[in-house]
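Scroll down for the structure; my scribbles are underneath it.
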4 protein chains.
Amino acid sequence: MAVIGATGYTGVELVRLLCRHPDVELTVLTSQSYVGQPFWRVYPSLFRYVELECADSAPELVAAEADVAFVALPHGHAMGVAAALLDKGCRVVDLGADFRFREKQTYEQWYRIPHTAPELLPAAVYGLPEWYRERVRTASLVANPGCYPTGALLALLPLVRAGWIDLRGIVVDAKSGVSGAGRATTLTTHYGECNENLRPYSVPGHRHVPEMEQELSLIAQAEVRIAFTPHLVPMTRGILCTVYATPLRTVSATDILNLYRETYRDEPFVRVLPEGMLPQTKAVAGSNYCDLAAAVDARTGRVILFSAIDNLVKGAAGQAVQNMNIMCRLPETRGLEQPALYP
Amino acid sequence: MAVIGATGYTGVELVRLLCRHPDVELTVLTSQSYVGQPFWRVYPSLFRYVELECADSAPELVAAEADVAFVALPHGHAMGVAAALLDKGCRVVDLGADFRFREKQTYEQWYRIPHTAPELLPAAVYGLPEWYRERVRTASLVANPGCYPTGALLALLPLVRAGWIDLRGIVVDAKSGVSGAGRATTLTTHYGECNENLRPYSVPGHRHVPEMEQELSLIAQAEVRIAFTPHLVPMTRGILCTVYATPLRTVSATDILNLYRETYRDEPFVRVLPEGMLPQTKAVAGSNYCDLAAAVDARTGRVILFSAIDNLVKGAAGQAVQNMNIMCRLPETRGLEQPALYP
Amino acid sequence: MAVIGATGYTGVELVRLLCRHPDVELTVLTSQSYVGQPFWRVYPSLFRYVELECADSAPELVAAEADVAFVALPHGHAMGVAAALLDKGCRVVDLGADFRFREKQTYEQWYRIPHTAPELLPAAVYGLPEWYRERVRTASLVANPGCYPTGALLALLPLVRAGWIDLRGIVVDAKSGVSGAGRATTLTTHYGECNENLRPYSVPGHRHVPEMEQELSLIAQAEVRIAFTPHLVPMTRGILCTVYATPLRTVSATDILNLYRETYRDEPFVRVLPEGMLPQTKAVAGSNYCDLAAAVDARTGRVILFSAIDNLVKGAAGQAVQNMNIMCRLPETRGLEQPALYP
Amino acid sequence: MAVIGATGYTGVELVRLLCRHPDVELTVLTSQSYVGQPFWRVYPSLFRYVELECADSAPELVAAEADVAFVALPHGHAMGVAAALLDKGCRVVDLGADFRFREKQTYEQWYRIPHTAPELLPAAVYGLPEWYRERVRTASLVANPGCYPTGALLALLPLVRAGWIDLRGIVVDAKSGVSGAGRATTLTTHYGECNENLRPYSVPGHRHVPEMEQELSLIAQAEVRIAFTPHLVPMTRGILCTVYATPLRTVSATDILNLYRETYRDEPFVRVLPEGMLPQTKAVAGSNYCDLAAAVDARTGRVILFSAIDNLVKGAAGQAVQNMNIMCRLPETRGLEQPALYP
């Protein structure tokens, strides 16, 4: 298998998971910045785990050496490599945004570049296994969900499908660790700027909004619009989503937790916490879990939902491996069984 | 002047500000745990600034040596000392919750202890200077606002007074640094538990809810109920409030910012950021500022308000000094002029 | 197998590793503070991994349900339980200091309590597998090394054995993450005190000094005394040791690295970094590795050695599992194959 | 007064201190990256404090508007602007390395660029006020010491001058917060790389070595060479130096502390801690203090010295303001009276 764009943070997380996956052999790791260097020189944490050198291979060459390619490139780049990979029979899990939208226009409107491979969109499957497992199973091209959408959708979709909440007025207040911004050296991710600092960003109009709305609307079979505010938190890993909604009927926290438990009964990577417990990002850091909780504020009638994930695992690389496991008819948890590091 | 409960985090922050205040002489620092020790032994940052020893003085003795006493004790303790202080002519700024409520019942319901000095409540002034400066000026007993309420109210009150937002459905999603939990050694504030971790807590039902609702309702002249979710963020100082509301008329971010600028035109410690800038806690850390911003999500029609404060300064000790300055007819900014430490 | 003292940080790290160990069944988890609670309630990161409840079992009962017991108690407590465990045929890996010293007097002098089980000392094996693997193999009672000694000894012992450095004047300047102080809620480990702070502590006279000196002296066959200064670093995991020594002959960094490679050629958990690379704690965090490097300052002739470990893994729980694997004739790396989490 | 290079971290720290300095009027702030932008847009912490725009002014223009210029540029750049400033009668405090060396060759050897203004070196004064106050008083060009040298020299010089320690074998193990690396966006200072990580760097051969050796040798009147190892610590501010030396005579910690107290008796910014207390960086963060302590390890006879400073204050901008105060015959503490922020 191949990781295209292996030296970014989602790339190295894929390598970390795949190099210990018992059914996977890593054959190609591509990188633009580190061509010719052993991968472990870039990430000494993987010294002795990975012998491969970083290569700047064209997709055709990747396809010759891999039956599955994970694409961990900035948005706009997967469009240019996916067709070549697929043509050569290499299935693709894209961790970027290029294939997440049913409508080319949505992508172009929010990402402000033309979509150059719209013919691939119809066959692309949105890789949220808990909701699209069967379609993932037979997909050649999986669009791995964004980190924020993964957390928000796993919390919201059960209530939306059940018709329990007002589709208007949903608020998703999300908080992310800094690794979500990747490894590119920017002022935003400079230690002196983000350490001991908390800030909202991309307000209004973060690019994960249309992705969440698309998926919510599909399940709701009605148009859903959400208010979404992301915040940058001084920690490396983790996303916590706090979701506010207005119930359409009388519901209790117990009701919601029961709905969660029913919806996710057989899900290996969704943990519905017992009533009274709230999620924390550290309890999932390094793992592929999404922890869920719910509360109902009796005084305001407001429903409050919580989800916690590791943005690099369930929010990116771990979910991509989960999708690959499904596509390859492997046990879905293979290579993803590790619990979080705590403390 | 005296600080009662000087060795907690709000206590030391008061000492830090007051020891450099040109019009203040610190005469008494009380503490239960460190009686007889030089204060700087407990906080070596103040070596050479403060020569006083920690004393376990009774309020009568404090009143004999101070004309103003700052009370920085856990809730439930100021009730027992305020009368004795006031009786002796010592004015009081209480940084706890004991005198924040107009109604004794509200306090007793939320804090679950009897109020033992209800006779003092009518004269107590809620010390949010931007809204109650004139009453503070003549007060003998000021109830310094809670940290979360300070941030939330400064953002919300102008819109509530102007009647611009629906009083139902207000959401306050707040994020606080760990120093807000004080210096008591608990598992929640243990480094291994809160470092690299993000978690909601006290959901639903944090004790700052009734305080915010009381103040919002007073200004609105109608009952306001809010959904409030606090989160613990792995940093020492800072509170960011993200507030969601539904406008009752068409408003733009520009409108809200103009309203803010008008409301807070002469306020020394409220900074309305230019449109397009969002607050960050680091820009106020160590300072007495509250930074404000606003956005309107055109797609959902939702108003989003932001405020950032240092929970220990504008959220506690700094605001207390500001109140004292007002009470003592000193320039309001005296001793509070320092900008934030950045980076 | 059993973990005695499972709810401290070394305890939960043992549980994290053992619950995924393919040849281990956890049968008893003891705790004083959480008796009767499911272990995952205390550590929600292990929700779905561990069903056991915390029990306050006497050692006899532990021995009835486990063939190996890991003792993760504060020093002074293992002395009281080891004999009972061993008598019942339960082998013991003690992660505390009680059995690390060849001489009862050394223990009593540094830990300032009487040793109540001195009869067990002769058979206890110091569990540094890289140097005492064969003795560990047949041991019933293994004294797992301290975190600092593990890092310092792996760096120093090869040079000491080879006679390359002056035994006088060795300096070990060590820096540790806060989790090394355990889960007890103290002021030292309170977030507000140790976040964004760096401090030396226990100078001179940290209790790991005699342990390092004992082991260095044994290999040197001469008395070795070291200057050791530990520092508390604002991060959760990791120890970096910077060791200064005076060479007795002309050596280059290349020479030392070659000596390291030769000494640790077949070691699964010691990685000698290529010349020019320096260790970093993040590259080993969550893993059982010790990364080594060396430099020679041509201008001063000084040898500088570096080692990085995760204090909770190679410095505690991971090394304990490694010892157990050896004792049980399992592959030594079983259950310890995970690379570090990076970033 | 002017700050040349105002938008880096030492630049903004100068602006933070100078904008509140009662005897200073800031007239020019230069920047290459932010020309034409209000300074507070770059650093919103200083909103309402500084109205100046960033300018890309030539030194001649700066000199026309300022009688003192602080130069906070990367090394190699002050050489090109100092002469022009001095020629126009503008005194200069350079915070970089260009004028720190008595010998042009030393600079060129360690910084690997030609020195283009060697004619200025004889008149440049090394601005460590505790040791060169009188020379600073009359200087036109002050070379502000490096951050590591400030901490190490204040701890070492008293013992070196007194002849108490062996000049061979001095070890300086230093630990710095990340802000010391400036605001340039590099991988080293990328949050994901340095958060929760501890690493040595520049071993052997950090550029602060010759600076420390020059100053130690001058006071010792003999050649001194030190082993110096800097480490990057996951915190924003602070340097802790741990210094190891061999005493030439029997000394106790008390002796060393007495020597410190005598040497620094009238120093406003050196605090000798009482015996038994050890410095911590948080106790000086944001302040201009250097906290000193000492220990003697009776077992090894080794002297251990400790100093803590804020690398951006006493290690850079604060010391520069202190030098300026001396040069301008202002009270030396003017504008530098603030204690540290703690917690």
Side-chain angles (χ1 to χ4, degrees), chain A residues 8-10 12-13 15-17 19-20 22 38 40-50 177-180 182-183 189 195-196 234-237 268-274 276-287 289 291 293 308 310 312-313 333 337-343, chain C residues 8-10 12-13 15-17 19-20 22 38 40-50 177-180 182-183 189 195-196 234-237 268-274 276-287 289 291 293 308 310 312-313 333 337-343:
Chain A
Y9 281 157
T10 50
V12 66
E13 191 72 352
V15 176
R16 178 179 77 86
L17 295 169
C19 76
R20 292 278 312 140
W40 62 262
R41 277 262 180 191
V42 187
Y43 287 106
S45 55
L46 294 175
F47 187 26
R48 290 212 186 156
Y49 287 90
V50 183
V178 180
S179 65
R183 205 191 191 208
T189 53
N195 183 43
E196 293 291 297
M235 62 183 186
T236 300
R237 287 167 180 253
F269 293 118
V270 178
R271 297 191 295 200
V272 183
L273 299 184
M277 286 183 73
L278 295 172
Q280 49 181 320
T281 59
K282 205 181 187 79
V284 298
S287 84
Y289 286 100
D291 281 0
D310 183 323
L312 291 178
V313 191
T333 59
E337 300 93 341
Q338 290 302 312
L341 266 197
Y342 192 106
Chain C
Y9 282 159
T10 49
V12 66
E13 191 72 351
V15 176
R16 178 179 76 86
L17 294 168
C19 76
R20 292 278 312 140
W40 62 262
R41 278 265 179 189
V42 187
Y43 287 106
S45 55
L46 294 175
F47 187 26
R48 288 210 188 160
Y49 286 90
V50 182
V178 179
S179 66
R183 203 190 193 208
T189 54
N195 183 43
E196 293 291 293
M235 61 185 189
T236 301
R237 287 168 180 252
F269 293 119
V270 178
R271 298 191 296 199
V272 183
L273 298 185
M277 286 183 73
L278 295 171
Q280 48 181 319
T281 59
K282 206 182 185 79
V284 297
S287 84
Y289 286 100
D291 281 1
D310 182 323
L312 290 178
V313 191
T333 60
E337 301 92 342
Q338 289 302 313
L341 266 196
Y342 192 105

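Values below: every heavy atom of this structure, side chains too, minus hydrogens, waters and symmetry copies. In what follows, every chain begins at residue 1, and chains take the letters A, B, ... in the order their sequences are listed.
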Nearest heavy-atom approach of Pro44(A) to Met277(C) is CG-CE, 3.5 Å
Correct closest heavy-atom pair for Pro339(A) and Leu46(C) would be CB-CD2, 3.6 Å
Chain C heavy atoms under 4.5 Å from [X]: which part of the residue, side chain, backbone, both or neither?
X: Arg183(A); value: neither
X: Leu312(A); value: side chain
X: Thr236(A); value: side chain
X: Val313(A); value: neither
X: Phe47(A); value: both
X: Pro38(A); value: neither

Do the non-hydrogen side-chain atoms of Val12(C) and Tyr342(A) ever get within less than 4.5 Å of each other?
-> no
Check for a donor-acceptor pair, side chain of [X] on one end and backbone N or O of [Y] on the other, with a separation under 3.5 Å.
X: Arg16(A); Y: Gln338(C); value: no
X: Tyr289(C); Y: Ser45(A); value: no
X: Arg271(C); Y: Arg48(A); value: no

Scored by heavy-atom pairs under 4.5 Å with chain C, the best of Ser179(A), Pro274(A), Pro279(A), Gly177(A) is Pro274(A)
